[in-house]
Amino acid sequence: MRNYECMVILEPALESEAIDNQLAKISDIVSKNDGKIGNVNKWGKRRLAYEIGHNTDGFYAVIDFQGENQTVNELDRILKITDGVIRHMIIRRGK
């Protein structure tokens, strides 16, 4: 298994319960695809560098996890079509 980091920017209008649900959904996707969740770090609401979809702010979260290629592919696919996710990026961490 390889180490990955996923940064997610969620819509700022979401309630804290909805944010927790979105992060739990991401954790479930990783777990169901033979991955292991490490650290979930909520950065909170921050200003975006530029406007994305009429949003100037976003709720940032960083999730560390271990997984295989199919784990990353499935997570990427789901995050692309999930309402409430403004942007996301998954990178492979070094050793």
- With side-chain contact (heavy atoms from CB on, under 4.5 Å) as the test, would you mind laying out the steps for Arg2 and Glu68 before giving the verdict? CA-CA 6 Å; Arg2 294 184 172 157; Glu68 298 294 338; 5.7 Å; no
- Item | Same apolar cluster (I L V M F W Y, side chains within < 4.5 Å links), Tyr50/Val85 | no
Do [X] and [Y] come close enough that some side-chain heavy atom pair is under 4.5 Å?
X	Y	answer
Asp34	Gln70	yes
Val40	Leu23	yes
Ile9	His88	no
Ile86	Pro12	yes
Ile90	Glu5	no
Arg46	Asp57	no

Roughly how far, to the nearest 0.5 Å, is [atom2] of [Y] from [atom1] of [X]?
X	Y	atom1	atom2	value
Phe65	Asn3	CZ	CG	9.5 Å
Leu75	Lys25	CG	NZ	10.5 Å
Asp76	Cys6	CG	SG	8.5 Å
Gln66	Tyr4	CD	OH	10.5 Å
Leu14	Asn21	CG	CG	10.0 Å
Lys45	Leu10	NZ	CG	11.5 Å

- Might you confirm whether atom CG of Asp83 has over 12 heavy atoms from other residues, nucleotides or ligands at distances under 6.0 Å? no
- Message: Around atom CD of Glu51, are there more than 12 heavy atoms from other residues, nucleotides or ligands closer than 6.0 Å?
- Response: yes
- Query: What's in the same ILVMFWY side-chain cluster as Met89, cut-off under 4.5 Å, chained through other members?
  - Reply: Ile91
- Answer yes when Lys36 and Asp64 have at least one side-chain N-carboxylate O distance shorter than 4.0 Å, and no when they do not. no
- Query: Stepwise, does the side-chain contact (heavy atoms from CB on, under 4.5 Å) test hold for Arg77 with Asn73?
  - Reply: CA-CA 6 Å; Arg77 185 185 75 80; Asn73 292 340; over 6 Å; no
- Note on the structure: Minimal heavy-atom distance between Ile29 and Asn33, with the atoms involved, is O-ND2, 2.8 Å
- Ile78, Ile37, Val8 screened by side-chain contact (heavy atoms from CB on, under 4.5 Å) with Ile26, the one that passes: Val8
- ring pair (Phe, Tyr, Trp, His ring centres under 6.0 Å) against Phe59, all qualifying residues, sequence neighbours excluded: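 Residues passing ring pair (Phe, Tyr, Trp, His ring centres under 6.0 Å) with Phe59: none at all.
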